[in-house]
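Please read the structure below before turning to the comments.
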Amino acid sequence: MKLFKRVMAMTMASIMVFSMAACGGSDSASTSGTNEAAPAEKEEEAAPAETEQEAAPEQAEEEAAPAENEAAPEAGGEAAAGGSGNIGVCIYKFDDAFMTTYRNALQEILEGKGYTVTFMDGKNDQAEQNNQINNFITQGVDALIINPVMTSAADQIIATVKDAGIPTVLINREPTAEQMSAYDKLVYVGCDARQSGTMQGELILDTPNKGDINGDGKVSYIMIQGDPENVDAQYRTEFSVKALTDAGMEVEELDLQRGDWDRNKGQEIAQNDLAKFGDDIEVVFCNNDDMAIGALQAIQAAGRTVNEDIYLVGVDALDAALNEVASGNMTGTVLNDANGQAAGAVDAMEALLGGKTYAAGEQSIYVDYVKVTPDNVADFQ
Ligand code: BGC
């Protein structure tokens with residue numbers, strides 16, 4: 001079991017609870033009984049709003065109506081933080097390896113606390129997600145946790161939840177501080193993507209030849225990017241290379257292509273680049289692990305050997321990637337702490353339900369990334 005991740009998540013949770021108490025926020029991090037809703041089923045079906053509403057226990061609806069929260073935040077907060085609230089969770093798409101881990105963590109924590117939770121699959125379609133948010137608002141959910149499909153839709157999402165007065169936690173795709181400042185019952189919980197990019201670069205700098213396998217004085221790499229609309233993709237791309245140049249290395253970008261966080265696309269891009277650039281490729285940077293696993297398939301099919309004649313790094317610490325790091329088929333990865341972020345998101349949600357508001361410029365809560373190498377990979381498995 002992922003003991004390390006669990007410990008991280010629990011530590012995170014206690015830190016957040018402590019700071020909430022210190023800020024006079026919700027005092028109710030205690031757990032309560034679970035409820036009888038069957039979220040696994042709902043999750044798979046992504047059933048229409050009406051069905052979802054029916055599944056919600058009446059008691060929860062009565063106890064924690066949004067109007068009550070607004071009128072008497074303390075009272076509303078106590079009821080909801082006791083685990084009796086209805087929570088709507090919008091995920092940009094269920095079919096994303098990392099967000100599946102994240103979603104499972106959220107489900108476990110929220111249900112463990114006794115909340116009634118409904119997950120919706122945005123299917124990578126912002127219009128669809130907008131409908132889902134509107135449906136949740138119509139249903140009178142107590143709080144929303146939203147992983148936006150498009151960061152560029154943040155203004156609209158924020159205006160919608162503000163209008164409805166719903167406390168909202170945004171996750172995974174970070175809007176700008178200015179966008180968030182429009183609504184003080186809104187907070188972002190995630191990671192600083194610059195850190196993960198820097199760590200990827202450091203993983204390469206930590207190799208015996210600092211990535212310059214052929215000794216020609218420069219690190220020649222290909223970059224397999226996530227969805228470039230997403231700040232995680234932008235920063236990881238920029239800061240992984242910046243770590244090398246900051247350390248005085250010369251770099252050569254052989255190719256940069258968007259793989260949209262997708263394993264198959266990672267495989268295709270790596271396959272084409274290996275055919276085109278051959279041994280010139282010394283480093284394969286992937287913005288996430290799923291694409292790195294795809295790239296690894298192409299690397300192995302091309303007869304190349306990671307850590308001998310090519311380096312490969314990802315981000316997320318998916319189980320599959322941890323196995324590859326342990327067996328030397330990936331140079332390293334970076335833990336994108338889904339459990340820690342889920343715990344942080346729930347803590348922030350409870351603080352909001354307890355009446356806490358967030359000042360402009362203080363609406364981003366970050367969980368640290370962690371470098372994963374063969375030396376410490378066992379701690380994460
Ligand atoms: C993760 C990716 C994931 C993306 C979704 C990133 O933080 O590293 O694996 O696909 O979030 O937005």
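All ligand and atom numbering here is 1-based and tracks the order in the structure.
- A donor-acceptor contact under 3.5 angstrom links the side chains of Asn287 and Thr237, judged on distance only.
- Classification of Asp216 and Lys218 as a salt-bridged pair holds, one side-chain N sitting under 4.0 Å from a carboxylate O.
- A salt bridge is defined here as a Lys NZ or Arg NE, NH1 or NH2 lying under 4.0 Å from an Asp or Glu carboxylate O, and Arg173 with Glu229 fails to meet this definition.
- Closer than 4.0 angstrom to ligand 1 sit non-hydrogen atoms from Tyr92, Asp96, Phe98, Asn172, Arg173, Asn230, Asp232, Arg236, Trp261, Asn288, Asp316, Asn336.
- Using a 4.0 Å cut-off between charged side-chain N and carboxylate O, Asp279 and Arg304 make a salt bridge.
- Val306 is listed as a side-chain neighbour of Thr331, based on a closest heavy-atom distance under 4.5 Å.
- Remark: Asp212 does not engage Lys210 in a salt bridge, criterion side-chain N to carboxylate O under 4.0 Å.
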